[in-house]
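So you know, we letter chains A, B, ... as the sequences are listed, proteins then strands, and number each from 1.
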Protein chains: 2
Amino acid sequence: MQVALATAGLAPAHDAGRDERAPPSLWARDAAGAGSRRRVAAEEEIYAEGDRAVHFYKVMSGAVRTYRLLSDGRRQIDGFHLPGDIFGLEAGDERRAGADAVADTTLLAFRHGDRDALAGEAGALAREVVAAMLRALERAQDHMLLLGRKSARERVASFLLGLAGRAGSDGTVALPMSRADIADHLGLTIESVSRTFTGLERDGVIALSAQRRAVVLRDEAALRRLDA
Amino acid sequence: MQVALATAGLAPAHDAGRDERAPPSLWARDAAGAGSRRRVAAEEEIYAEGDRAVHFYKVMSGAVRTYRLLSDGRRQIDGFHLPGDIFGLEAGDERRAGADAVADTTLLAFRHGDRDALAGEAGALAREVVAAMLRALERAQDHMLLLGRKSARERVASFLLGLAGRAGSDGTVALPMSRADIADHLGLTIESVSRTFTGLERDGVIALSAQRRAVVLRDEAALRRLDA
DNA sequence: CGCGGTTTTGAAGCAGTTCAAGTAGCGTGG
DNA sequence: CCACGCTACTTGAACTGCTTCAAAACCGCG
């Protein structure tokens, strides 16, 4: 039940202006296209709201959150981005959301300007970008339904199923993000998230690992029923 | 604070298959491009979730809501579409949201297939479609923040300011939609919406018309403060 | 082994919901 | 033209799911 991108866009490229952050020196051409590699440590900022949008990214490893803030600090994480996901596309030339690494992360960075060039030919990346945009929109819809109309238990169920569907290998789901991140994604408090996990475990629907950062889906059918 | 499109997409056109509804006979070529005119009465369905997506639309007059449903009937309206807005673009060939007219409405309908043709040249419509997609994404983000983190009063304030910004001529905002529609858009109940309106009126922030379907923004600054 | 951060648990509070009337606008038909 | 009946909106009162505030348990780490 994740929402994907910050915002996607086909806006004209703005190559002028300072970059969102001093671009780290760890760049290198990559085989997977025109992207440059960038490494980000856990909890490190990738870009902030208001920054000039120069690049968009593909997650190679790790996990990223994109979020918006209210003036008093309330935060809404609109999506977690896992390996393979593209994020950071913007409609305008300014960041409408912030992004930072949830865990140690490796990214592939592309200039927004390249997109247009790439769009001309039948490049694989161009398709991927368009697909990412569309997926972002669908996820945003799903997430609005979740935030507007689902109970805490339903939200957590949707979240776990969504994660399982994306990163899920077997019935075990890794939770690279903190309870606070989950809470800010699901529109709940950390206490509610924790209590909901506990409740689902008590009911035999899930099992929590000792370190609390992984979940085993014991009764996926029950979760799907909750997903309404 | 509206969210715009159902979902936007550049998916390959699927000209086969039945249309979402028997296309009404009231079609006619229009000067504004390749669109055909379609009239829809208030509360009439334009298309339903699950329908094959054949057209996308531009609102000429009236108002449209696009929404998703949970199995038990809970509804989330992801956006209201006012004159000038484009909605009904889909990533896949199936409708992920339903749409119906809030009031008597006139639409301009375009085949999804046309989009690709139009995209090739530098048509005005093509630009408009892309812009609509991007706007939809930005609005979805704003709306997720609203649904996930704002109080009832803040939600209503955002909603009114959003409407004012779009359809707003002077300080008066028309509300073509019912309280139920507003509630399902803001993730509240009709009672909460009503009480919040009443509360804002009591505090001199807004004034409600006699028929309750229009609002005067008496203290826009106060609303903006609430918008956080 | 003790410290700092995260997660869980507990208890009280409250914003918004739910259930239940009451009121008002409006089209219909007498 | 007004009474009727319908539907939409508002208001009231009680309830509750989630939050808030507080503290305990757990974990990783030096």
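Rounding to the nearest 0.5 Å places NE2 of H81(A) at 8.0 Å from CZ of R166(A).
Taking the centre and axis of the six-membered ring of Y47(A), the NZ or CZ atom of R95(A) falls inside the cone set by 45° and 6.0 Å.
For the pair E44(B) and D100(B), the minimum side-chain heavy-atom distance is 4.5 Å or more.
Under a 4.0 Å N-O distance rule, the pair K150(A)/D227(A) qualifies as a salt bridge. Under the 4.0 Å criterion applied to side-chain N and carboxylate O atoms, E49(A) and R96(A) are not assigned as salt-bridge partners.
Not a single donor-acceptor pair, N or O on each side, falls under 3.5 Å between the base of dT11(D) and the side chain of R212(B). No N or O donor and acceptor, one from the side chain of Q211(B) and one from the base of dC9(D), sit under 3.5 Å apart.
Regarding contacts with the backbone of dT11(D), a side-chain N or O of T198(B) is found under 4.0 angstrom from either OP1 or OP2.
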Checklist entry - Could you walk me through whether R155(A) and L188(A) pass the side-chain contact (heavy atoms from CB on, under 4.5 Å) check? => result CA-CA 9 Å; R155(A) 291 179 199 207; L188(A) 300 169; 4.3 Å; yes

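Taking five base pairs at each end of the helix from dC1(C)-dG30(D) to dG30(C)-dC1(D) and finding the rotation axis that steps the C1' atoms of four pairs onto the next four gives two axes whose angle is 30°, to the nearest 10°.
Straight-line distance from the CZ atom of R202(B) to the P atom of dT10(D): 14 Å, rounded to whole Å. When rounded to the nearest whole Å, the span between CZ of R213(A) and P of dG28(D) equals 11 Å. Following rounding to the nearest Å, L147(A) (CG) and dC18(D) (P) show an atom-to-atom distance of 13 Å. Distance E191(A) CD to dA22(D) C1': 10 Å, rounded to the nearest Å. Rounded to whole angstrom, the span from the CD atom of E154(A) across to the P atom of dG17(D) amounts to 12 Å. Atom P of nucleotide dT19(D) and atom CZ of R195(A) are separated by 9 Å, given to the nearest angstrom. At whole-Å resolution of the value, CZ in R179(A) and P in dA25(D) are 19 Å apart. Per the geometry, CZ belonging to F197(A) stands 18 Å off C1' belonging to dA25(D), to the nearest Å.
The aromatic rings of H185(B) and F159(B) sit perpendicular to each other, their planes meeting at more than 60°, with 30° as the lower class boundary.
Among the heavy atoms of the strands lying under 4.0 Å from L188(A) are primed sugar atoms or P, OP1, OP2 only; no base atom is included. No contact: G199(A) has no heavy atom under 4.0 Å from any strand. Counting non-hydrogen atoms under 4.0 angstrom, S178(B) reaches the backbone sugars and phosphates but no base.
Among all heavy-atom pairs drawn from R68(A) and A97(A), the shortest one is CG-CB, 4.0 Å.
Each of T105(B), I46(B), T106(B) was checked for a side chain to side chain contact (heavy atoms under 4.5 Å, CB included) with R38(B), and the lone residue meeting it is I46(B).
Residues T189(A) and A210(A) each lie close to DNA chain D; by heavy-atom proximity, the contact nearer the 5' end of the strand is made by T189(A).
If you walk DNA chain C from 5' to 3' and mark each nucleotide with an atom closer than 4.0 Å to a heavy atom of chain B, the marks span dG16(C) to dC26(C).
Using a 3.5 Å distance cut-off with no hydrogens or angles, the side chains of D181(A) and Y67(A) do not pair a donor with an acceptor.
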